[in-house]
Structures are given as C-alpha cells and as structure tokens.
Amino acid sequence: QLEFITPFQLYFNPDLIFRKFQIWRLITNFLFFGPLGFSFFFNMIFLYRYCRMLEEGSFRGRTADFVFMFLFGGFLMTLFGLFASLFFLGQAFTIMLVYVWSRRNPYIRMNFFGLLNFQAPFLPWVLMGFSLLLGNSIIIDLLGIAVGHIYYFLEDVFPNQPGGKKLLLTPGFLKMVFDTPEEDPNYNPLPEDRPEHQPRDRDQNEQQHPQ
C-alpha cells in the first residue's frame, strides 16, 4: 500500500520462479489480497476468524498438524496455479480454511449479514455467491473449496471408511519443531527444580508456619 513494493514483484509466475529463481513468489502470492478496500478487509476478517477457530478447536494441541494442513493446501493450490492463469492464491487459502472448519462443525447455525440463515457447511458456497455478486471470478473460490474438500476427505472421511487408512501423516520434523514434547513419566527433576523448593512455595510455607 505504501508502494515500497508492487504486486508485480509478488504474483505467481512459474517462469520467473523456475527460470529466474524468484522462489519468494511461491509464498508472496498467498499474502496479497489487493488494495485496501471492502474485499481486502472481508478476506482479512474471515482469514483471522476461521484460522483462529480451527487452531483453538480441532487443532488444539496439534500445532504441527495445523502447519501441515497449511503446507498441504498451499502445495495443491500451487500445482493448480501451474496450469491456470492465477496470480494470487490468498483468497483460495482463506476459503480452504472456511471449508475445513464448516465441515467439522456441521450443526452450527450461521447468519450472513442478517440476510441468510443456514448451517455451517453451506458457508463456503454462500461466500462464493457473495464473491460473484462483487464481480470477482469464482475460480479462486472453487479452488479453495476443492482443496479444502480434498484435505477434509483424506483427513476426516477416508480413514473412517471400511478399509480406509490415514494418508496424511504429519512429518516428524514438524512435530519436533512445533509440538511440545511429551513429559517423560520417569523423569526425576533436580532438587532445586522440584515444586517444594520453588520460592513461592517457600514463602507460603513460612507464612503458614512462622518461626
């Protein structure tokens, strides 16, 4: 917005990525949502809201799995971008998050600007219709819905089918980086690290049993 950089330095361009080695475009094309305006704030609100609800809901305590969903979705969208004239994929990423949340919370009732009442699984389609009313292309929205459905099917549906199994396995290095390691039940802390030797506990003991 301050014109330090331009969208031409950010958009998805396979030729510039693979021939000029402008690798940053693989990431920056997800980060640009257009100039400041209604569409920009609309995307920011939905990205923040549903990313937060996923992180605090079905991904609570599973940060590595959450990051892997980001990487998986971004990878599929980038593959599609190689064969289509799509320059920015941030809106598709937002719709993917909305889709996954909506399928995992199918019984929540939604209200869209006080005009429509529907259940959560219809939310991505309502957003696509709203995008169409704003004059935007719905290809991006359809891409986000498709990628979100692929993730939801592989993660939540197929493993629960007869003969199904979990195909999306979070790499160990992501768990090592993002997840809190499990405490060893056999670990014996040093005396100074034990709760009874903490300063607060000592102060409380002195107050309860003054000399």
Side-chain angles (χ1 to χ4, degrees), residues 1-55 59 65-104 112 120-157 167-168 170-171 174:
Q1 192 64 30
L2 298 176
E3 297 184 355
F4 292 137
I5 56 176
T6 70
F8 295 104
Q9 296 171 286
L10 307 176
Y11 77 100
F12 184 79
N13 186 318
D15 287 336
L16 293 177
I17 292 172
F18 296 111
R19 295 183 181 179
K20 300 293 185 179
F21 301 105
Q22 297 182 5
I23 306 299
W24 67 84
R25 293 178 184 272
L26 291 171
I27 299 175
T28 57
N29 79 90
F30 287 98
L31 306 179
F32 183 74
F33 291 87
L36 289 178
F38 182 80
S39 181
F40 174 85
F41 289 109
F42 187 79
N43 275 287
M44 288 297 99
I45 291 172
F46 273 80
L47 179 63
Y48 168 77
R49 176 178 173 82
Y50 291 98
C51 187
R52 176 181 176 179
M53 287 198 293
L54 278 174
E55 186 176 13
F59 285 101
D65 295 337
F66 193 47
V67 173
F68 182 64
M69 181 187 70
F70 276 44
L71 296 176
F72 177 79
F75 176 74
L76 288 186
M77 293 176 194
T78 300
L79 281 182
F80 186 85
L82 292 174
F83 303 102
S85 299
L86 299 177
F87 302 114
F88 296 103
L89 299 172
Q91 184 174 333
F93 192 86
T94 300
I95 294 295
M96 179 195 75
L97 295 177
V98 171
Y99 185 91
V100 173
W101 176 86
S102 68
R103 294 303 299 266
R104 289 183 172 178
F112 191 73
F122 293 101
L123 179 59
W125 304 100
V126 172
L127 294 181
M128 186 181 71
F130 184 70
S131 181
L132 186 62
L133 289 177
L134 292 177
N136 300 326
S137 172
I138 63 172
I139 298 299
I140 290 290
D141 299 77
L142 288 173
L143 174 60
I145 290 173
V147 173
H149 182 73
I150 291 172
Y151 177 83
Y152 172 75
F153 178 80
L154 294 178
E155 180 71 12
D156 293 21
V157 178
L167 298 177
L168 296 181
T170 303
L174 288 180

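These numbers come from the heavy atoms of this one structure, side chains and all, not from hydrogens, waters or symmetry mates. Remember, it's a predicted structure, so these values are computed and weren't measured experimentally. Residue numbers count from 1 along this sequence.
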For residues [X] and [Y], determine if any side-chain heavy atom of one lies less than 4.5 Å from a side-chain heavy atom of the other.
X      : Y     : answer
Ile5   : Phe32 : no
Phe12  : Leu86 : no
Arg104 : Met53 : no
Cys51  : Phe66 : yes
Tyr151 : Leu76 : no
Leu54  : Met69 : yes

Tell me, with the steps shown, if Ile145 and Trp125 meet side chain to side chain contact (heavy atoms under 4.5 Å, CB included). CA-CA 8 Å; Ile145 290 173; Trp125 304 100; 3.8 Å; yes
How about [X]: does its [atom1] atom have over 12 heavy atoms from other parts shown lying under 6.0 Å from it?
X     : atom1 : answer
Phe38 : CZ    : yes
Trp24 : CH2   : yes
Phe59 : CZ    : yes

Taking atom [atom1] of [X] and atom [atom2] of [Y], what is their separation to the nearest 0.5 Å?
X      : Y      : atom1 : atom2 : value
Leu167 : Phe153 : CG    : CZ    : 9.0 Å
Asp65  : Glu155 : CG    : CD    : 6.5 Å
Leu71  : Phe75  : CG    : CZ    : 11.0 Å
Glu55  : Leu97  : CD    : CG    : 11.0 Å

Per side chain to side chain contact (heavy atoms under 4.5 Å, CB included), Asn29 is matched among Leu10, Leu89, Ile17 by Leu89
Nearest non-hydrogen partners of [X] and [Y], listed with the distance:
X      : Y      : result
Gly73  : Val147 : CA-CG1, 3.7 Å
Thr28  : Gln9   : OG1-O, 4.4 Å
Gln91  : Ser131 : NE2-OG, 3.6 Å
Leu127 : Asp141 : O-OD2, 4.2 Å
Ala120 : Trp101 : CB-CZ3, 3.9 Å

The test is side chain to side chain contact (heavy atoms under 4.5 Å, CB included); show your working for Phe41 and Leu36 and say whether it passes. CA-CA 7 Å; Phe41 289 109; Leu36 289 178; 4.2 Å; yes
Which is it for Tyr50 and Leu123 under the side chain to side chain contact (heavy atoms under 4.5 Å, CB included) test, yes or no, and what are the steps along the way? CA-CA 11 Å; Tyr50 291 98; Leu123 179 59; 3.1 Å; yes
With no hydrogens and no angle check, is any side-chain donor or acceptor of Thr78 less than 3.5 Å from a backbone partner on Gly74? yes
Using ring centroids (six-membered ring only for Trp), state whether Phe93 and Phe70 fall under 6.0 Å. yes
Using 30° and 60° as the class boundaries, would you call the ring planes of Phe72 and Phe68 parallel, tilted or perpendicular? tilted
Take Phe88 and Ile140 through the side chain to side chain contact (heavy atoms under 4.5 Å, CB included) test and state the conclusion after the steps. CA-CA 9 Å; Phe88 296 103; Ile140 290 290; over 6 Å; no
Do Arg103 and Asp156 meet the salt-bridge criterion of a basic N to acidic O distance under 4.0 Å? no
